[in-house]
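Quick notes on the structure that follows.
Hydrogens, waters and symmetry mates are skipped; everything else that's a heavy atom, side chains included, is used.
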Amino acid sequence: MNLASLDLNLLVTLDALLEHRSVSRAAKQVGLSQPAVSAQLARLRRHFGDDLLARYGNQYRLTPLAVQLRGRVRTAVNGVERVFAAEPDFDPATTSREFSLAMTDYGVAILGVALAAALAQEAPGARVRFIANTPAIVDNARQVLTGIDLLVLPHGFLEGLPHQDLHRDDWVCLVDAGHPAVAHGLTVELLRTMPWVVTYHSPTASTPVVRQMRMLGIEPHVQVVTENFLTVPGLVAGTGRVALLQRRLAERIPADTNVRALPCPFEAGPLVEAVWWHPMYEHDPEHQYLRVLLTRIAADVTEHPPR
């Protein structure tokens with residue numbers, strides 16, 4: 001395909017249409033009139049030979065092709081923005097760049113606040129965007145990392161990409177503070193019989209410690225699945241459930257949540273949190289600055305945990 005024959009402005013409009021599923025809201029985002037965006041949607045439909053947005057009652061839904069395109073289009077737009085935001089001499093104090101990191105809510109809780117504070121001080125004109133980490137991002141990490149800066153993820157999921165270790169954490173078992181069965185501690189047999197709250201539970205997505213637990217023959221009876229670590233304490237409190245949680249996050253649970261953290265009754269390997277990036281950004285000065293800053297913050301979190 002000859003890119004010179006394409007109107008790349010359509011890419012921005014397509015991104016807005018797939019995001020909002022509305023011509024009027026897309027028009028507002030891209031700063032065009034509604035008729036102009038409708039005309040661009042017609043051009044996009046002719047190009048792809050697909051409706052992209054299909055009307056169902058009073059709303060539009062994405063067609064199967066549009067669903068496939070959504071992630072690719074966002075990645076492409078991010079890549080274009082990065083190209084035209086490049087600066088000949090990078091200076092954090094004067095940059096207006098947006099830094100983007102894919103992280104779980106655990107990562108944001110442990111590192112995000114300090115990173116945002118450091119950028120506000122060192123690069124006041126910059127902006128940081130935290131993107132919710134999902135199994136789809138991990139499964140397509142090499143492609144996704146062409147359009148975002150960094151992916152913060154523990155070891156055990158990726159290989160073949162540049163990375164830097166950030167910090168280590170270990171796992172604890174979270175139970176209700178008044179659970180009578182665990183008054184004297186947890187046993188492997190209790191883990192086999194108690195109902196579980198688990199995170200990222202699917203054939204291709206789970207925490208490394210859950211995979212390790214299964215290798216030891218401990219198959220959890222899953223009662224609740226969540227993709228947000230911060231919701232785990234509330235899903236355990238007042239119930240007979242058990243969950244695995246990172247110790248650093250457990251230490252941040254408010255005292256009135258009515259849960260307690262117990263040692264794992266099996267040899268749970270440590271969590272080694274790392275930051276990953278695409279090889280094409282290995283020598284990018286803006287990218288290098290962000291990596292060094294994040295590594296510095298992680299070291300500070302390790303040395304000075306919250307009280």
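- Distance NZ/Lys28 to NE2/His20: 9.5 Å, rounded to 0.5 Å.
- Between Gln40 and Thr13, the side chains place a donor N or O and an acceptor N or O closer than 3.5 Å (distance only, hydrogens not considered).
- Using a 4.0 Å cut-off between a side-chain N of Lys or Arg and a carboxylate O of Asp or Glu, Arg74 and Asp15 qualify as a salt bridge.
- Residues Leu111 and Leu115 have side chains not in contact (no heavy-atom distance under 4.5 Å, counting atoms from C-beta outward).
- A donor-acceptor pair under 3.5 Å links the side-chain atoms of Arg45 to the main chain of Leu53, judged by distance alone.
- Using a 4.5 Å cut-off on side-chain heavy atoms (C-beta onward), Thr146 and Met280 make contact.
- The existence of a salt bridge linking Arg296 and Glu122 is confirmed by a sub-4.0 Å separation between a basic side-chain nitrogen and an acidic carboxylate oxygen.
- A salt bridge links Arg97 with Asp149: the distance from a Lys NZ or Arg NE/NH1/NH2 to an Asp or Glu carboxylate oxygen falls below 4.0 Å.
- Hydrophobic clustering of Ile, Leu, Val, Met, Phe, Trp and Tyr side chains at less than 4.5 Å, counting indirect connections, keeps Val152 apart from Val113.
- Residues Leu151 and Ile131 have side chains not in contact (no heavy-atom distance under 4.5 Å, counting atoms from C-beta outward).
- Contact check on Arg247 versus Asp170 returns a salt bridge, with a Lys/Arg side-chain nitrogen under 4.0 Å from an Asp/Glu carboxylate oxygen.
- No side-chain donor-acceptor contact under 3.5 Å links Arg260 to the backbone of Cys173.
- Contact between Leu174 and Pro233 at its shortest, heavy atoms only, is CD2-CA, 3.8 Å.
- If you chain together hydrophobic residues whose side chains sit under 4.5 Å apart, Val197 and Phe229 fall into the same group.
- Both the sub-6.0 Å distance and the 45° axial angle are satisfied by Arg291 relative to the ring of Trp277.
- Remark: side-chain polar atoms of Asp176 are not paired, donor with acceptor, to backbone N or O of Gly240 under 3.5 angstrom.
- Atoms CG and CG, on Leu153 and Leu161 in that order, are 10.5 Å from each other to the nearest 0.5 Å.
- Other residues, nucleotides and ligands contribute at most 12 non-hydrogen atoms within 6.0 Å of the CZ atom of Arg129.
- Rounded to the nearest 0.5 angstrom, Ile137 CD1 and Asn133 CG are separated by 5.5 Å.
- A cation-pi arrangement is not found for Arg21 relative to Tyr60, the charged atom failing to lie both closer than 6.0 Å to the ring centre and inside a 45° cone about the ring normal.
- The aromatic rings of Tyr289 and Phe99 sit tilted relative to each other, their planes meeting at an angle between 30° and 60°.
- Taking SG of Cys264 as the start and CG of Leu191 as the end, the distance is 7.5 Å to the nearest 0.5 Å.
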- Step by step, would you call Thr199 with Thr226 a side chain to side chain donor-acceptor pair (under 3.5 Å)? CA-CA 5 Å; Thr199 49; Thr226 178; over 6 Å; no
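- Checked for salt-bridge contact, Arg70 and Glu19 meet the test: a charged N lies under 4.0 Å from a carboxylate O.
- Asn140 contributes no side-chain N or O that, together with a main-chain N or O of Gln143, makes up a donor-acceptor pair within less than 3.5 Å.
- Residues Tyr106 and Asn228 bring no donor and acceptor atom of their side chains to less than 3.5 Å of each other.
- Under a hydrophobic clustering in which Ile, Leu, Val, Met, Phe, Trp and Tyr are joined whenever their side-chain heavy atoms come within less than 4.5 Å, directly or via other members, Val172 and Val242 fall into different clusters.
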- Message: side chain to side chain donor-acceptor pair (under 3.5 Å) for Thr63 and Asp50? Distances and angles first, verdict last.
- Response: CA-CA 8 Å; Thr63 66; Asp50 186 88; 2.7 Å; yes
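- A single hydrophobic cluster is seen to contain both Leu101 and Leu230, as judged by linkage of ILVMFWY side chains at heavy-atom distances under 4.5 Å, directly or through other members.
- Glu189 has a carboxylate O that lies under 4.0 Å from a charged side-chain N of Arg192, or vice versa, which qualifies the two as a salt bridge.
- A donor-acceptor pair under 3.5 Å is absent between the side-chain atoms of Trp196 and the main chain of Val225, judged by distance alone.
- Around CZ of Arg127, the count of heavy atoms belonging to other residues, nucleotides or ligands within 6.0 Å does not exceed 12.
- Checked options Arg248, Met103, Glu273; the residue passing with Ile110 is Arg248 (criterion: side-chain contact (heavy atoms from CB on, under 4.5 Å)).
- In terms of modelled atom types and a separation under 3.5 Å, the side chain of Thr95 and the main chain of Asp91 share no donor-acceptor contact.
- Hydrophobic clustering, with ILVMFWY side chains joined whenever heavy atoms are under 4.5 angstrom apart, groups Leu14 together with Val23.
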